[in-house]
Amino acid sequence: MLIAAGDRGCTNGQLWEIAHATNSRISDLRSRGHKIIAECEGSGTWRYTLTAMPEPAPRESAAPAVDSADWYVQQTGEPRPSADALDLPLFAGVR
C-alpha cells in the first residue's frame with residue numbers, strides 16, 4: 001500500500017484497514033531496511049511515506065561443481081574428514 005501511495009503516503013487509518021498494529025508493521029519494515037517517514041497530521045493521525053526500498057541482498061555464489069558421488073564433497077567442495085570409528089567418544093575404550 002505504501003508503494004502504491006507513492007509521495008502521497010498513507011495515514012495510519014488507511015493502513016489500519018488492511019493491517020492492524022500499524023506501528024508494529026512500520027517497525028518491521030524499517031528493520032528490514034525500508035526508509036519510511038512519519039509525519040503527524042494532528043488528532044492522532046500520522047502519515048507514513050515510503051522513501052526508499054532496501055538494497056537487495058547479495059546473491060550467494062554457487063559452489064563450484066564437484067565430480068563426486070559423496071554428498072559431503074558436493075556440499076563443501078572438500079574431502080570428507082577421515083575418522084576411525086573407534087576414536088569417537090561413543091566408542092572410547094572399546095576394543
Side-chain angles (χ1 to χ4, degrees):
M1 185 169 194
L2 288 172
I3 294 171
D7 293 337
R8 293 184 320 259
C10 297
T11 64
N12 52 340
Q14 292 169 320
L15 293 171
W16 181 264
E17 293 175 14
I18 61 165
H20 299 300
T22 304
N23 291 340
S24 294
R25 301 294 73 79
I26 296 296
S27 178
D28 290 345
L29 289 170
R30 286 178 172 154
S31 70
R32 294 181 182 148
H34 294 78
K35 304 294 184 217
I36 301 172
I37 294 174
E39 299 172 283
C40 181
E41 294 187 346
S43 301
T45 301
W46 288 81
R47 182 167 301 276
Y48 297 96
T49 307
L50 178 66
T51 59
M53 299 286 283
E55 293 291 324
R59 298 182 115 192
E60 291 185 27
S61 60
V66 177
D67 186 24
S68 173
D70 186 342
W71 69 267
Y72 183 89
V73 175
Q74 290 175 0
Q75 291 292 317
T76 65
E78 298 180 9
R80 182 182 292 269
S82 61
D84 183 2
L86 296 177
D87 290 340
L88 298 174
L90 181 63
F91 301 106
V94 176
R95 291 279 174 198

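For the pair Leu29/Leu50, no side-chain contact is recorded, criterion being any heavy-atom separation below 4.5 Å from C-beta on. Here the side chains of Arg32 and Pro54 are not in contact, with every heavy-atom distance at 4.5 Å or above. Using a 4.5 Å heavy-atom cutoff, the side chains of Trp46 and Thr11 are not in contact. In this structure, Met53 and Ile3 have side chains that are in contact, with non-hydrogen atoms separated by less than 4.5 Å. Side-chain contact between Ile36 and Thr51 is absent, with no heavy atoms from C-beta onward closer than 4.5 Å.
When all heavy atoms are compared, the tightest approach of Tyr72 to Pro79 is CE2-O, 3.6 Å. The shortest heavy-atom contact between Ile26 and Leu15 is CD1-CD1, 4.2 Å. Of all heavy-atom pairs between Trp71 and Arg80, the closest is NE1-NH2, 3.3 Å.
Other residues, nucleotides and ligands contribute at most 12 non-hydrogen atoms within 6.0 Å of the CD atom of Glu55.
Rounding to the nearest 0.5 angstrom, the gap separating the CD atom in Glu17 from the SG atom in Cys10 is 10.0 Å. We find the CD-OG1 distance between Gln14 and Thr45 to be 10.0 Å, quoted to the nearest 0.5 Å.
Met1 and Trp16 are members of different hydrophobic clusters when ILVMFWY side chains are connected at heavy-atom separations under 4.5 Å.
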query: Would Tyr48 and Asn12 satisfy side-chain contact (heavy atoms from CB on, under 4.5 Å), going step by step from the backbone distance to the final call?
result: CA-CA 7 Å; Tyr48 297 96; Asn12 52 340; 4.0 Å; yes
task: Determine, stepwise, if the pair Glu39 / Arg47 fulfils salt bridge (charged side-chain N to carboxylate O under 4.0 Å, His left out).
output: CA-CA 5 Å; Glu39 299 172 283; Arg47 182 167 301 276; over 6 Å; no
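A distance-only check finds no donor-acceptor pair linking the side chain of Asp7 to the backbone of Thr49 [under 3.5 Å].
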